[in-house]
Amino acid sequence: MVDQELNDQMQVRRDKLGHWRSEGHAYPNGFRRDALADDLQQRYGDMDTTVLEQEPIEARLGGRLMSRRVMGKASFADIQDQSGRIQLFVSRDNLGEEVYARFKGLDFGDIIGVEGLLFRTKTGELSVKVHSLQLLSKALRPLPEKWHGLADPETRFRQRYVDLIVTEATRRTFQIRAETVAALRDGLRQRGFYEAETPMMQPVPGGATARPFVTHHHALDMTLYLRIAPELYLKRLVVGGIEQVFEINRNFRNEGISPRHNPEFTMLEWYEAYADHVRAMDLTETLIRAAAQAALGTTAINYQGLEIDLGKPFHRLTVMESVRAHNPDLADADLRNPAVLAAKLAQLHLPCQPAWGWGKRLIEIFEKTVEGHLQQPTFITEYPLEVSPLARRNDLDPEVTDRFELMIAGRELANGFSELNDPEDQAARFRAQVEAKDAGDEEAMCFDADYIRALEYGMPPTAGVGLGIDRLVMLLADQPSIREVILFPHLRPEQS
RNA sequence: GGGGAUGUAGCUCAGUCGGUAGAGCAGCGGCCUUUUAAGCCGUGGGUCGCGGGUUCGAUUCCCGCCGUCCCCA
């Protein structure tokens, strides 16, 4: 809740701010730092004590006061900046009576600027012997307790700024996220891919099967949809001759919220002309491996107790092979028999609609009986045509597509395929989707006439992949919930 | 949408078989010049998520609502 009234601690801090203001120099902006806490630890942490004494290092640091141990006329304190923490030694003898008293009047969370000389304490800890100290910004609200930190998940998500101040693990998670995204971007750029930004607001939402968010443009008086995927725009770029292209950006899907779903989430999609789904799988594997190495320094990870070595080759098997493996009661011939599949769905207490072909029925069975069991990295291939309206038909088996999904830890991490570049086939697939939509399938795709027009100019043979960034970061940062890897996850509004 | 858990001081948590609540840290006052969850002495702080009901009396029991977490659809 957004507290309107001041508790005793906030009142005390507010009063201190009043004093500071009355002195006429509150919130100064003249202090400049020349060092970061962790850089000093890295550079001088192991330096010989006598060397530090003979050639003292002067440092100017800015940071937040996180803890303090006052022993009369001398004190130790810890300040935290973006890089980490360092201990300060603050004494009346070094600062003078007035400034030392001022230091003792500081509160946890206050942001201060200090100057001092590096030295080592009796216990060997690298510290700054402060000879100059000033308050730069006042923390008017008290921080959570230093030992247990912030435990309430609601506060951690609503007030992520507080979580970031006091929770080292949170800072670590978002560092992993930043390194992961950077590694993926670098990997693609090094291979000659261009980064593009395509529309977030689309007149026809496409590229995936999902309910979109709807909005309205007043000046044009038209309905627009927040994108559910960038796919159809990126492929327009391939038509336009940007033959290797990628985008890392947000998608929006108007669906439920869960530990694995946020209404807005981040997706990497890339497209490569003159490539097929096999090459796309290889590149997916390579990029994920490199991201793990960059973010964690290793490809051997532990996800919620599960050991996964992303350095080993990922498994590859077809949808039908995997369904057979987990459902020994089904024979090969059963997998395309709608009646048998309907019986199986009933046995699994899953709904089945008459309009569904074998492909949709098979995928429902796959999701229920196989997906959660695929713990080690596994590419599942040969998705049915019926559930793959943008993927190219397989040359040998026209009822399946040259498509794959990557499963790790029982979750879909990536989805890719050789792209359907035959405009007549694509138009027919769109028509089938529109029929499904008219029959009541809210998630079915719309007919995108401009996309067909683009394909009619000719799209080279192309492979494309979408990779869920949030889920990859969950995996690498060992986090069980998507909310832990999104800085500001969606929550219901606070009561005022 | 259904089920389960949860909401108490700034934070982390106890507790009240119904008689308006405690601890630690943080705060405030004092002592303390090598601490690191510093220590010692003293001390203030609560709409017990919100709204109804039952009751002499509700933070506690009942109903509804809201938030959060988990599971299922």
Side-chain angles (χ1 to χ4, degrees), chain A residues 1-16 19 37 41 49 53 64-80 84-97 100-101 103-110 116 118-131 138-163 165-168 255-262 304 345 348-352 364 367-368 372 479-484 489-496:
Chain A
M1 256 148 279
V2 182
D3 13 335
Q4 297 296 336
E5 294 184 7
L6 303 182
N7 64 47
D8 57 337
Q9 300 199 44
M10 288 170 65
Q11 188 58 56
V12 166
R13 288 168 184 243
R14 194 75 60 168
D15 292 345
K16 288 176 180 174
H19 270 101
Q41 305 277 16
T49 304
E53 283 167 1
R64 197 181 284 277
L65 182 67
M66 298 304 289
S67 69
R68 180 168 52 181
R69 297 164 290 285
V70 177
M71 302 150 300
K73 298 177 184 64
S75 304
F76 288 97
D78 298 294
I79 57 165
Q80 173 174 293
R85 289 190 183 195
I86 194 163
Q87 179 170 261
L88 307 179
F89 178 74
V90 186
S91 73
R92 186 199 59 179
D93 293 350
N94 289 322
L95 279 179
E97 196 86 55
Y100 186 68
F103 163 78
K104 288 204 284 186
L106 294 175
D107 292 297
F108 292 142
D110 285 353
L118 293 185
F119 78 111
R120 209 177 294 283
T121 64
K122 210 163 70 175
T123 60
E125 181 170 350
L126 186 70
S127 306
V128 180
K129 189 169 290 180
V130 174
H131 55 68
K138 186 74 192 158
L140 292 173
R141 292 172 181 264
L143 290 179
E145 191 220 348
K146 61 190 166 190
W147 188 241
H148 298 93
L150 189 55
D152 176 19
E154 183 174 356
T155 311
R156 290 188 48 237
F157 300 147
R158 281 199 201 284
Q159 296 182 252
R160 184 66 97 180
Y161 37 91
V162 178
D163 186 35
I165 291 169
V166 300
T167 315
E168 162 81 38
E255 294 167 353
I257 297 174
S258 83
R260 284 162 297 285
H261 298 87
N262 197 61
Q304 304 291 294
L345 284 166
L348 293 167
H349 305 292
L350 290 174
C352 181
E364 293 289 315
E367 288 178 359
K368 177 77 171 185
Q479 293 296 335
S481 168
I482 196 170
R483 287 182 282 261
E484 295 289 348
H490 185 80
L491 298 176
R492 285 187 173 82
E494 279 180 280
Q495 272 191 305
S496 53

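Throughout, a chain's letter reflects where its sequence line sits, starting with A, and its residues are numbered from 1. Atoms considered below: every heavy atom in the structure, side chains included; atoms not considered: hydrogens, waters and symmetry mates.
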Exercise. Which whole number of Å gives the distance between the P atom of B/A9 and that of B/G46?
Worked result: 11 Å
For this session: Using atom CD of A/Q159 as one end and atom P of B/G10 as the other, report the distance to the nearest whole Å.
Result: 13 Å
For this session: Pick the P atom in B/C28 and in B/A38, then give their distance to the nearest Å.
Result: 16 Å
Exercise. With a 4.5 Å limit on heavy-atom distance, are the side chains of A/Q9 and A/R14 in contact?
Worked result: no
For this session: Look at the side chain of A/E255 and the backbone N and O of A/H261, then say whether any donor-acceptor pair between them is shorter than 3.5 Å.
Result: no
Exercise. Quick one: is A/K146 getting a side-chain N or O under 4.0 Å of the B/G27 phosphate, OP1 or OP2?
Worked result: no
Exercise. According to a strict under-4.0 Å criterion, is A/R141 in side-chain N/O contact with OP1 or OP2 of B/G10?
Worked result: no
For this session: Round to the nearest Å and state the distance from A/H148 atom NE2 to B/C25 atom C1'.
Result: 8 Å
Exercise. Using atom P of each nucleotide, how far apart are B/C69 and B/C48 to the nearest Å?
Worked result: 25 Å
Exercise. Expressed in whole Å, how much space separates the C1' atoms belonging to B/G39 and B/C56?
Worked result: 50 Å
For this session: Please measure how far the C1' atom in B/U12 lies from the corresponding atom in B/C50, and state the result in whole Å.
Result: 24 Å
Problem set entry | A/R483 vs B/C69: side-chain N/O to OP1/OP2 distance below 4.0 Å | yes
For this session: Could you work out the separation of B/C11 and B/C66 based on their P atoms and round it to a whole Å?
Result: 24 Å
For this session: Using a 4.0 Å heavy-atom cut-off across all strands, classify A/V166 as base, sugar-phosphate, or nothing.
Result: nothing
For this session: Using atom types as modelled and distance alone, determine if a side-chain donor or acceptor of A/K146 lies under 3.5 Å from a backbone N or O of A/S67.
Result: no
For this session: Provide the distance between the two C1' atoms, one in B/C63 and one in B/C25, to the nearest whole Å.
Result: 38 Å
Exercise. Are A/K104 and B/C31 close enough that a side-chain N or O sits under 4.0 Å from OP1 or OP2?
Worked result: no
Problem set entry | Sub-4.5 Å side-chain heavy-atom contact between A/I86 and A/D78 | no
